[in-house]
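In what follows, a structure is listed as structure tokens, so that the remarks can point back to it.
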Amino acid sequence: MKSFNFNLVSHNLCPYVQRSIILLDEKNISHVRTDINLANKPPWFSQISPMGKVPVLLVDDKKALFESNVICEYLDESTPGSLHPKDHLEKAFHRSWIEFGSNILAKIANLYNAKNKSHFYRINSEIHDCFKMIEKQLSGTGFFSGEKFHLIDAVYGPIFRYFEVFDTFIKLDTFAGLSRCQHWRSTLMQRKSVQNAVVKEYPTLLQAHLINRKSYMSSLI
């Protein structure tokens, strides 16, 4: 099997970058990580990222892959082993809930950008309802579908990480009454690959980012 040189172009707060980093770590894939400032993008970035977003995976400095789902699927398929279930139906089921995770990330962005209290708590209620749906799908025994870590777990680790920071300055009760979600969250936050997907300064950097939003959440920090 041919080996490639991988360079993941990233940003230190991006949850989509984190899922890629977690996969690279879980599969022990050698790689280089290049962080950029999205507020001041280097000139070369527009040449490799048509959508202007991270992550971007440079393969042998020849081809650039963009969009995290594409990157994760490529890395999973092109390296030994797989973080997807072997069963085709179960694999498709996981992919469905991976998409649902991206939907939750969009709601989280709406949450920390909400300008007033009523809008803020309405979105938080929507996020809680999303996790109520997830609660019914969980095995309750470690990860999403049992004791084995899958790609879907790499997707939800960065989602739960937001609430690790939110919990330091506001009580949202997003997971109230959702014991399986709480157990999954705790299990993922203890996983080394999930912990190592961000720099140690992540909580401080995220809080600074939230303050700059000048939103309702900003006023709570």
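Quick caveat, the model's predicted, so the values are computed rather than measured. Quick note: numbers below take in every heavy atom, side chains included, and nothing from hydrogens, waters or symmetry partners.
Side-chain atoms of N113 and S215 include no donor-acceptor pair closer than 3.5 Å. Side-chain contact, R33 with N7: no donor N or O sits under 3.5 Å from an acceptor N or O. Defined by atom type and a distance below 3.5 Å, a donor-acceptor pair is present between the side-chain atoms of S186 and Q190. Side-chain atoms of N69 and E99 form a donor-acceptor pair, as typed in the model, at a separation below 3.5 Å. Inspection of the E73 and H84 side chains reveals an N or O donor paired with an N or O acceptor under 3.5 Å.
Judged by distance alone, with hydrogens and angles left aside, the side-chain atoms of E135 form a donor-acceptor pair with the main-chain N or O of R180 at under 3.5 Å. Formation of a donor-acceptor pair under 3.5 Å by the Y156 side chain with backbone atoms of G101 is found in this model. When atom types are taken as modelled, the side chain of S218 and the backbone of L210 share a donor-acceptor pair closer than 3.5 angstrom. Side chain of D76 to main chain of C72: no donor-acceptor pair is present (N/O by atom type, distance under 3.5 Å, no hydrogens or angles). At distances below 3.5 Å, not a single donor-acceptor pair connects side-chain atoms of S125 with backbone N or O atoms of Y121. Side-chain atoms of N124 come within 3.5 Å of backbone atoms of L172 as a donor-acceptor pair (strictly under, hydrogens ignored). Between the side chain of S139 and the main chain of F143, a donor-acceptor pair closer than 3.5 Å is present. Using a distance-only test at 3.5 Å, with no hydrogens or angles considered, no donor-acceptor pair links the side chain of K117 to the main chain of Y216. At least one donor-acceptor pair under 3.5 Å links the side chain of K27 to the backbone N or O of P80. Put simply, the side chain of R161 never gets that close to the backbone of P203: no donor and acceptor are under 3.5 Å apart.
Within a 6.0 Å sphere centred on NZ of K115, other residues, nucleotides and ligands contribute more than 12 heavy atoms. Residue K132 places its NZ atom among 12 or fewer non-hydrogen atoms of other residues, nucleotides or ligands, all under 6.0 Å distant.
Taking both residues in full, the closest heavy atoms of Q18 and P158 are given as OE1-CB, 3.3 Å, listed atom of the first, atom of the second, then distance. Contact record, A39 with N37: N-OD1, 2.9 Å, taken as the closest heavy-atom pair. Nearest approach of I21 to A197, heavy atoms of both residues: CG2-CA, 3.7 Å.
Residues satisfying the ring pair (Phe, Tyr, Trp, His ring centres under 6.0 Å) criterion with H94, sequence neighbours excluded, are F144, H150.
Using a 4.5 Å cut-off on side-chain heavy atoms (C-beta onward), K53 and Y16 make no contact. The shortest side-chain heavy-atom distance between T141 and W184 does not fall under the 4.5 Å cut-off. Considering only heavy atoms from C-beta on, V32 stays 4.5 Å or farther from N5 through its side chain. Contact of the M189 side chain with the E164 side chain is registered, since non-hydrogen atoms from C-beta on lie closer than 4.5 Å. Side-chain contact check for K171 versus D173: some heavy-atom pair is nearer than 4.5 Å.
Cation-pi contact between R185 and F163: absent, since separation from the ring centre below 6.0 Å together with deviation from the ring axis within 45° is not met.
Summarising the geometry, atom CD1 belonging to I108 is positioned 5.5 Å from atom CD1 belonging to I127; distances are rounded to the nearest 0.5 Å. Interatomic distance, OG of S49 versus CD of E67, reported as 8.5 Å (0.5 Å rounding). We find the OG-CD distance between S145 and Q137 to be 11.5 Å, quoted to the nearest 0.5 Å.
Hydrophobic clustering (side-chain heavy atoms under 4.5 Å, transitive across Ile, Leu, Val, Met, Phe, Trp, Tyr) groups M217 together with I211. L8 and V70 fall into different hydrophobic clusters, where Ile, Leu, Val, Met, Phe, Trp and Tyr residues are linked whenever their side-chain heavy atoms come under 4.5 Å apart, directly or through other members.
Classified by interplanar angle (parallel below 30°, tilted 30° to 60°, perpendicular above 60°), the ring pair F93/W97 is perpendicular.
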For this session: Begin with the C-alpha distance, continue with both residues' side-chain angles, and end with the deciding distance and a verdict on ring-ring contact (aromatic ring centres under 6.0 Å, His included) for F100 and F131.
Result: CA-CA 10 Å; F100 193 73; F131 280 105; 8.2 Å; no

